[in-house]
Amino acid sequence: MAKHISNMDELEKALLPQMTKMVGAMADRVYETLNYFLQEYYNSYNPKSYRRQYDFLRSAVKVEPKIVGNKVVASVYIDTDSMDNYNGVSGAQVASWANQSLHGGLDVGEDTPRVWDDTIDQTVNNGELLHLAVEYLKKKGFSVRE
């Protein structure tokens with residue numbers, strides 16, 4: 001059923017629920033990709049001198065979309081504050097090393113992903129999120145030119 005929109009306020013009111021759902025789908029994709037690279041990071045190294053606590057593996061956080069002013073925002077991030085099982089090293093340092101393909105500051109092989117950068121490359125930089133947004137809008141009946 002067509003909806004008659006006669007001003008910008010009505011347009012915003014009509015679009016925000018769809019935008020919230022679309023941003024949620026995009027955040028889901030980033031979160032899924034981040035968790036994939038966290039798992040690949042763990043798979044790339046088998047420590048022999050310590051038992052893993054898996055804090056970093058479980059550190060991904062997704063904040064559901066919300067309307068802020070006339071925007072819809074969602075967040076996906078690594079919760080470095082939740083990583084408190086590391087001796088003498090902060091969670092931020094662990095995440096930084098992981099983004100440099102290092103385990104505990106050591107280069108242990110070529111198959112170690114750069115956790116955050118690889119996530120961004122596979123979602124934002126390659127255009128996947130833009131494609132996801134366009135497809136979502138088309139399925140909802142919006143005319144979108146690519």
Side-chain angles (χ1 to χ4, degrees), residues 1-5 7-47 50-86 89-105 107-146:
M1 178 172 146
K3 186 170 191 164
H4 179 71
I5 307 282
N7 61 48
M8 290 304 288
D9 288 338
E10 289 178 0
L11 178 61
E12 182 177 320
K13 187 176 178 180
L15 285 178
L16 281 177
Q18 292 304 320
M19 297 301 290
T20 301
K21 291 175 186 173
M22 182 184 75
V23 169
M26 294 167 73
D28 288 344
R29 182 64 181 123
V30 173
Y31 182 73
E32 174 187 297
T33 304
L34 176 58
N35 277 297
Y36 169 81
F37 283 114
L38 284 166
Q39 185 62 60
E40 287 300 302
Y41 177 80
Y42 270 75
N43 292 345
S44 71
Y45 180 59
N46 185 15
Y50 64 91
R51 199 177 94 218
R52 286 183 159 158
Q53 299 297 314
Y54 298 97
D55 286 356
F56 186 45
L57 180 63
R58 298 182 191 107
S59 68
V61 174
K62 178 184 68 164
V63 177
E64 294 299 321
K66 61 184 173 187
I67 298 169
V68 178
N70 63 352
K71 300 178 198 175
V72 178
V73 296
S75 299
V76 176
Y77 62 94
I78 295 171
D79 182 5
T80 58
D81 292 336
S82 71
M83 299 187 291
D84 57 7
N85 279 333
Y86 298 98
V89 178
S90 69
Q93 182 62 66
V94 171
S96 178
W97 281 332
N99 202 45
Q100 298 170 47
S101 300
L102 304 174
H103 286 269
D107 184 352
V108 296
E110 296 177 20
D111 293 334
T112 305
R114 297 171 296 122
V115 174
W116 189 250
D117 286 350
D118 287 349
T119 297
I120 297 301
D121 284 347
Q122 292 300 311
T123 56
V124 178
N125 295 343
N126 70 354
E128 183 177 347
L129 288 186
L130 178 60
H131 179 73
L132 183 64
V134 168
E135 290 303 310
Y136 183 89
L137 291 171
K138 283 181 177 180
K139 285 180 185 174
K140 296 299 178 181
F142 290 92
S143 177
V144 180
R145 285 185 268 161
E146 295 182 59

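No hydrogens, no waters, no symmetry mates; every other heavy atom, side chains included, goes into these values.
Here L57 contributes atom CG and N43 contributes atom CG; the two are 9.0 Å apart, rounded to the nearest 0.5 Å. The CG atom of D55 sits 6.0 Å away from atom CG of D84, with the distance rounded to the nearest 0.5 Å. A distance of 4.5 Å separates CG in L38 from CG in L34, rounded to the nearest 0.5 Å. For the atom pair E32 CD and K62 NZ, the distance stands at 10.0 Å (nearest 0.5 Å). Between atom CG of residue L129 and atom CZ of residue R29 there is a gap of 8.5 Å, rounded to the nearest 0.5 Å. Rounded to the nearest 0.5 Å, atoms CG (L15) and NZ (K140) are 13.0 Å apart.
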>> Let's go through Y36 and T119 carefully: what are the C-alpha distance in whole Å and the side-chain angles of both, what is the deciding distance for side chain to side chain contact (heavy atoms under 4.5 Å, CB included) to 0.1 Å, and is it a yes or a no?
In response: CA-CA 9 Å; Y36 169 81; T119 297; over 6 Å; no

>> As a quick check of understanding, evaluate side chain to side chain contact (heavy atoms under 4.5 Å, CB included) for M26 and Y136, giving each step before the final call.
In response: CA-CA 10 Å; M26 294 167 73; Y136 183 89; over 6 Å; no

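Between the Y41 side chain and the L102 main chain, a donor and an acceptor come within less than 3.5 Å of each other. A distance-only check finds no donor-acceptor pair linking the side chain of S59 to the backbone of T80 [under 3.5 Å].
Using a 4.5 Å heavy-atom cutoff, the side chains of M22 and V72 are not in contact. Counting heavy atoms from C-beta on, the side chains of K138 and V134 come closer than 4.5 Å.
Atom CG of D111 sits in a sparse spot, with 12 or fewer heavy atoms from other residues, nucleotides or ligands closer than 6.0 Å.
Between V23 and P65, the shortest heavy-atom contact is CG1-CB, 4.0 Å. For the residue pair N7 and E10, the shortest heavy atom distance occurs at OD1-N, 2.8 Å. Of all heavy-atom pairs spanning V76 and W116, the tightest one is O-CH2, 3.4 Å. Residues W97 and V89 come closest through the heavy atom pair CZ3-CG1, 3.7 Å.
There is no side-chain donor-acceptor pair under 3.5 Å between D118 and Q122. When only modelled atom types and interatomic distance are considered, S44 and E40 share no side-chain donor-acceptor pair under 3.5 Å.
Remark: aromatic rings of Y54 and Y42 are close, center separation under 6.0 Å.
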